[in-house]
Amino acid sequence: MVEKTRRSNVGDSPRGGDQREWEVFVRKDDTDPMRHVGSVSAPSPEVAHEQATRLFAWFAEDVWICPAEETHRFSTHDLDDDAKPAPHPNGEEGRTHEL
Amino acid sequence: MISVSKLLCDLDAEGDGLRYDAAADSDADQIRERKQQKPVVVWNLTKQCNLYCEHCYAAATEERAPGELSTDEGKRLLDDLADYGVPVVLFSGGEPLVREDLVELVAYAADLGIRPVLSTNGTLITPEKAAELRDAGLAYAGVSVDGLRERNDAFRGQEGAFDAAVRGIEACLDAGLKTGLRYTITERTAPDLEDVVDLLYDVGLDRFCFYHLDYGGRGAAIRDADLAPAEKRRAVRRVCDMTREYHERGEEIETLLVGNYCDAAYLVEYARAELGDDTAARVREYLRRNGGDPAGERVADVDYQGNVHLTQFWQGYSLGNVRDRPFSAIWDDDSNPLLAALRERESHLTGKCADCRYLDVCRGASRLRALGVHDHPFGPDPQCYLTNEEVESDDVSV
Ligand code: SF4
């Protein structure tokens with residue numbers, strides 16, 4: 001049996017001001033995992049890609065862009081007033097090991 | 001921040017320990033005993049402002065913007081900052097005085113042992129508000145004025161803003177709050193620089209901070225209004241000359257330069273030309289301890305929605321959000337390649353900065369301006385006004 005981490009669903013407060021906010025993921029080369037490197041403000045995914053390119057072109061081969069408001073975040077961190085506990089069946093789950 | 005009065009006139013101030021690792025050499029009460037390990041955090045409490053300034057890096061608006069951190073969220077943020085060891089929180093905006101919980105948050109920070117300071121346009125500070133802020137533990141109020149009446153009001157988008165800001169400064173001084181001027185040097189504001197200092201000195205102010213324009217927020221839209229490098233050099237020279245003239249008259253004003261660390265290189269050049277090699281060597285040693293441009297290291301920003309930025313001016317890129325993850329974890333996450341590279345930027349800088357003999361005191365100045373002009377975070381700062389001869393010189397006597 002393993003204990004599951006208890007997380008909350010971080011609320012959907014806006015992250016952008018005049019422009020939309022876009023989460024940015026990059027990888028250094030095609031064998032690297034994608035890593036989250038923050039977010040940029042931009043009116044469209046194309047402009048967000050341009051912004052991310054300016055910041056990370058010296059480093060990254062691939063860049064993925066994701067609208068911040070479409071990203072559902074589940075976290076153990078508890079700062080957000082609007083966070084709601086995520087569904088958590090029984091608190092534990094079974095796991096079998098086959099040797 | 002670079003203290004001109006400390007470096008050229010030997011004026012001790014309570015920020016010396018933070019800036020120069022020079023607490024032991026200073027006669028003033030010190031903010032910290034040791035050189036700063038954790039960043040000063042600017043917290044833009046709100047995007048809302050009662051003015052509409054041309055150079056606003058936060059692109060502030062008249063209406064309250066959605067997503068502001070609540071009072072409770074702000075207190076949890078301050079808890080994390082205190083646990084992490086943040087020495088100073090600068091409450092900024094927008095205009096922080098439009099938030100009704102400002103005094104409560106200042107008091108909360110002070111109780112946690114964080115030094116709370118304020119950046120404000122001053123127009124909403126009444127005598128009562130100044131006393132409340134003082135009683136809450138506010139350590140310092142920096143009030144923005146960008147020229148004499150006519151120029152300031154045009155720049156700040158409201159008639160009467162100058163008079164209201166001066167009333168705010170007087171209210172702070174009457175309440176016994178340590179208070180200073182914030183003055184952004186641009187083509188339009190540079191002509192009034194000395195007159196504003198003279199006028200506000202007569203009002204009772206003795207601390208004057210001069211900001212260079214950075215290219216974030218509406219600042220990017222007025223890049224053309226920035227001074228050309230040669231004019232910028234003249235303006236910095238005027239700050240140095242004016243500081244010395246005041247001190248020679250026995251009027252010990254504190255003057256600081258913010259936002260362009262090639263000022264550090266210039267100050268060494270200035271000291272060598274005006275005050276001799278020994279003074280220049282001492283100035284350089286202090287500046288080396290100061291550590292050059294602080295982006296991503298000694299200064300951080302949390303915006304009104306909880307996004308964490310490399311500096312308060314760099315609002316278009318966020319490292320993460322404090323609603324998802326503690327500030328301390330975001331700031332310590334060196335897996336972010338930009339953050340990691342900024343912390344060892346000497347090996348990434350290109351162009352004029354790469355081989356500069358003043359790299360140890362400047363560190364390439366503003367990466368945000370480099371990004372704005374060269375589309376590259378490690379390009380040279382376009383606002384470096386040092387000549388090629390100065391930065392390439394082999395004369396390393398100081
Ligand atoms: S060349 Fe670069 S590192 Fe040297 S003083 Fe100018 S901005 Fe600073």
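These numbers come from the heavy atoms of this one structure, side chains and all, not from hydrogens, waters or symmetry mates. A note on names: the letters A, B, ... follow the listed sequences, proteins ahead of strands, and every chain is numbered from 1.
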Reported [atom1]-to-[atom2] distance for the pair [X] and [Y], which is rounded to 0.5 angstrom:
X: A/S41; Y: B/N307; atom1: OG; atom2: CG; value: 7.0 Å
X: A/S39; Y: B/N321; atom1: OG; atom2: CG; value: 7.5 Å
X: A/L55; Y: B/H376; atom1: CG; atom2: NE2; value: 11.0 Å

**Q.** Residue, of B/A329, B/P66, B/P326, that accumulates the most heavy atom pairs under 4.5 Å with chain A
**A.** B/P326

Q) Who among B/G306, B/S335, B/G74 has the most heavy-atom pairs with chain A under 4.5 Å? A) B/S335

By a 4.5 Å heavy-atom criterion (distance strictly below it), what part of [X] contacts chain A: side chain, backbone, both, or neither?
X: B/H348; value: side chain
X: B/L371; value: both
X: B/L77; value: both
X: B/D375; value: both

Kindly give the heavy-atom pair with the smallest separation between [X] and [Y], and that separation in Å.
X: B/R76; Y: A/L79; value: NH2-O, 2.6 Å
X: A/W58; Y: B/P337; value: CH2-O, 3.4 Å
X: A/D80; Y: B/E73; value: OD1-OE2, 3.0 Å
X: B/Y317; Y: A/V40; value: CD1-CG1, 3.9 Å
X: B/Y304; Y: A/G16; value: OH-O, 4.3 Å
X: B/G67; Y: A/P14; value: CA-CD, 3.9 Å

Q: Take B/D324 and A/S75 through the side-chain hydrogen bond (donor to acceptor under 3.5 Å, both in side chains) test and state the conclusion after the steps.
A: CA-CA 7 Å; B/D324 303 337; A/S75 172; over 6 Å; no

Q | Residue list, salt bridge (Lys or Arg N to Asp or Glu O under 4.0 Å) with B/D333, at least two apart or on another chain | A | B/R325

Q. What residues form a salt bridge (Lys or Arg N to Asp or Glu O under 4.0 Å) with B/R363, not counting sequence neighbours?
A. B/E297, B/E346

Q: Counting only heavy atoms closer than 4.5 Å, note whether A/E21 contacts chain B via side chain, backbone, both or neither.
A: side chain

Q) Near B/E100 CD, under 6.0 Å, is it more than 12 heavy atoms from other residues, nucleotides or ligands? A) no

Q. If you measure from the Lys or Arg side-chain nitrogens to the Asp or Glu carboxylate oxygens, is any gap between A/D78 and B/R323 under 4.0 Å?
A. no

Q.
According to side chain to side chain contact (heavy atoms under 4.5 Å, CB included), who are the partners of A/P67, at least two apart in sequence or on a separate chain?
A. A/R20, A/W22, A/E69, A/E70

Q.
Give the interface residues of residues 26-38 of chain A toward chain B, defined by a heavy-atom separation under 4.5 Å.
A. A/R35, A/V37, A/G38

